[in-house]
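Down below is the structure, laid out as structure tokens.
As the structure is a prediction and not an experimental result, all values here were calculated from the model.
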Amino acid sequence: LWTHSGGGLKVVQPGTGGANSFALSSTKRVGVFNGPAQFIDTRCLVEGSEYEILAKVRLVDEISNQYVACNPSKPGTEDPAACPRASIRTRKQSGYVIGDYINTTYMYPVGETVHPLTSDPINGWNILHGAFTVNKAIGDADSVLLFFERGRTGLNIVLDDVTVSPKTRNCNMPVYNTDLEVGDTRFWYAFGDVNYDMLNFGAGGSSWSITTVGRSNYWSSMAQDLNVKCLKLGDAYQMHAMIHLYTKTTSNVRVPFTCDPIVSWSGEGNGNNACPAMAIKVTLGNRTDIFDYGKVVGAWDAAGFNRIVGDFVITQEMIDAERVSVFFRKFKYGVDIAVDDLFVGEGTAWNCTSLTKNGDAEVGDNRFWNSFGGAFVDVSPQGRTGQYALRGSQRVSIGSGLGQVISPRCLASAGDDSFFYVKAYLKLVDKISGAKYICDPKSVNESTRCPVAVIAAQNPGGSPFRHLIASMKSDGFDDNGWNVIEGSFKFSMSELNADVTMLAFEGGPLAYDILVDDVTLVKLS
């Protein structure tokens, strides 16, 4: 049943079953595309069906018969360190007379060697894994050849335990092997000039995460493609992961690295201490668009794993794309990232009935809320009605606080004649003791005044323009608890058309943190 795509074949020992077991090996490979192959029964290949490929693989020197290590992070076919991969060749005959045209197509790769590589050069085997969906070319083909290739000439590809099995990947999540607990990097690959591998250190005390090795660019990271057949136009998606940053000493000791969630990526030189952004890359032909949707939430724990969170809406560009990928970027090169517990799945649609999300912080983190004017944003276990409230601390000026970017899609449908209503509950607390501070709602003095709600609009290169929309009232002011801040307003044309428009809460004496809870921003008319 076995053939080859160039070179020859032989049976060798040992196989994966020990000294007396057998395996299949290529011989006399003269090109990187030469290797063992087998025709797949086309009766099984129904268009739209999915198959998973698994195999054990080794590279062996043709002359010395010694095991040769490869690097799964090197995908180039001409790279001397490249590992074997699986590919498919289809042929469709236009007729059955000699000279009739035969249409030949290729699909590659449909399987890749994964990390970690075996540490046993004598008896060890590496895992090759992949998955493919039967497309029209495969479904209509007269012959479908699965072949194993790549790896420099002079090396033989040795195979054992090859399976091609029906496999249905559901759309509960369009990404797979997200917790890495299978113990290898299947479904993941390298984006940018970087190696990747498994790290025996995972989130929440788990065993494994996936890590970069030797990042040399700010955009380099591990990546995974979303299953595009799961994507539906207009659906809201959320994504999150647990990440850990570190460097290594010359003796290969891992040293935790601290980034600052407040800091925005500078893009100059090797950047600054900014934390990674979680990005979606959309590829169609020669066009690639990248969108930063996720950011780190909460205080950074250098020794452990930290949550990065974001959301996005499926666009027509994503539906039409050849690849939609998730990866991590915009942090110092020379710093490696470990990722665990990736999630990409359906979220809550932003239907513009409410222009804010997570207004009560009951998800337990500050997702969707950002620093405004240089404050650190997190959650506090001092909620007004629930367990949590939002907290703006480490304020650097009277104008520091917290805010949320308003969806441009919602603003585009608003119009400059529409009225909006904002309501939130606030209080000031001592940044050290947590004791409540009684501000004066009538005061305009920086040392005594209460926080206010503003709309801040900003375009690239400019400073935010602040528009006061609501403040606390002196009537019914509660010296001991939360006080409401509410008001109605219109967006100006400059706010509607700005690059970024944000609802923010700022003000109050600098020695105090701002607590915010139960935020509402809705359209009245």
Side-chain angles (χ1 to χ4, degrees), residues 52-57 70-75 83 85 109 111-119 124-131 167 169-192 194-215 220-227 230 237-246 248 252 254 256-257 275-281 294 296 301-310 324-329 331 335-345:
E52 181 179 47
I53 299 168
L54 274 171
K56 298 292 180 60
V57 63
C70 60
N71 186 350
S73 301
K74 302 294 184 183
C83 291
R85 69 181 182 183
E112 297 266 17
T113 305
V114 300
H115 286 289
L117 292 179
T118 177
S119 59
W125 292 81
N126 300 306
I127 295 173
L128 186 149
H129 174 270
K167 182 76 170 182
R169 293 182 292 167
N170 64 51
C171 288
N172 293 338
M173 270 207 298
V175 288
Y176 308 97
N177 190 21
T178 55
D179 62 5
L180 285 306
E181 291 308 301
V182 68
D184 62 50
T185 59
R186 63 187 67 182
F187 295 110
W188 294 86
Y189 61 93
F191 176 70
V194 68
N195 293 327
Y196 67 103
D197 206 342
M198 295 294 289
L199 182 66
N200 192 200
F201 171 54
S206 63
S207 299
W208 297 105
S209 61
I210 183 172
T211 182
T212 58
V213 180
R215 288 179 65 250
S220 298
S221 91
M222 67 290 287
Q224 188 173 154
D225 292 339
L226 278 62
N227 186 349
C230 297
Y237 271 67
Q238 61 175 304
M239 60 181 184
H240 52 78
M242 301 299 290
I243 63 172
H244 172 74
L245 301 181
Y246 66 96
K248 280 194 171 181
N252 211 33
R254 184 161 46 88
F257 179 83
C275 291
M278 192 175 184
I280 292 291
K281 178 168 70 81
V296 170
D301 174 15
F305 278 77
N306 299 268
R307 183 173 290 274
I308 186 168
V309 177
V324 179
S325 316
V326 57
F327 73 109
F328 303 85
R329 67 173 189 157
F331 61 107
V335 176
D336 282 310
I337 181 172
V339 175
D340 200 359
D341 296 339
L342 172 68
F343 176 89
V344 180

Does Asn200 use its side chain to pair, donor to acceptor, with the backbone of Ser207 at less than 3.5 Å?
yes
Partners meeting side chain to side chain donor-acceptor pair (under 3.5 Å) with Asn126 (sequence neighbours left out):
Tyr67
For the student: nearest non-hydrogen atoms of His244 and Arg254, plus distance
NE2-NH1, 3.4 Å
Short question: side chain of Asp340, backbone of Gly202 - any donor-acceptor pair under 3.5 Å?
no
Can you find a heavy atom in the side chain of Glu112 that is under 4.5 Å from one in the side chain of Cys83?
no
Can you label the angle between the Phe187 ring and the Tyr176 ring as parallel, tilted or perpendicular, going by 30° and 60°?
tilted
How about Leu180 and Leu342: do any of their side-chain heavy atoms sit closer than 4.5 Å?
no
Test of understanding: with side chain to side chain donor-acceptor pair (under 3.5 Å), list the residues that count as partners of Tyr246, not counting sequence neighbours.
Thr211
Is the closest side-chain heavy-atom distance between Val175 and Arg169 below 4.5 Å?
no
Aromatic ring pairing Phe201/Phe305, orientation class (parallel under 30°, perpendicular over 60°, tilted between):
tilted
Can you name the side-chain contact (heavy atoms from CB on, under 4.5 Å) partners of Ala279, sequence neighbours left out?
Ile290, Asp292, Phe327, Arg329
Given the ring of Phe331, does Arg215 sit roughly above its face, with NZ or CZ under 6.0 Å from the centre of the six-membered ring and within 45° of the axis?
yes
Donor-acceptor pair, distance only, cut-off 3.5 Å: does the side chain of Asn306 make one with the backbone of Asp301?
yes
Using side-chain heavy atoms (C-beta onward) and a distance below 4.5 Å, is His129 in contact with Glu52?
yes
For Ile308 and Phe328, work out which heavy atoms get closest and say how close.
CG2-CE2, 4.2 Å
Partners of Asn172 by side-chain contact (heavy atoms from CB on, under 4.5 Å), sequence neighbours excluded?
Asn170
Could you work out, with side chain to side chain donor-acceptor pair (under 3.5 Å) as the rule, every residue matching Lys167, not counting sequence neighbours?
none
Do we see a donor-acceptor contact under 3.5 Å between the side chains of Asp179 and Ser206?
no
Hey, does Ser325 have a side-chain heavy atom less than 4.5 Å from the side chain of Ile280?
no
Which atom pair, heavy atoms only, marks the closest approach of Val344 to Pro174?
O-CD, 2.9 Å
Check side chain to side chain donor-acceptor pair (under 3.5 Å) between Arg85 and all other residues, then give those that pass, not counting sequence neighbours.
Glu149
Any heavy-atom pair between the side chains of Lys56 and Thr118 that's under 4.5 Å?
no
Work out which heavy atom in Gly183 is nearest to a heavy atom in Pro116; give both atom names and the distance.
O-CD, 3.3 Å
Residues Ile337 and Met222: closest non-hydrogen pair is O-CE, 3.3 Å
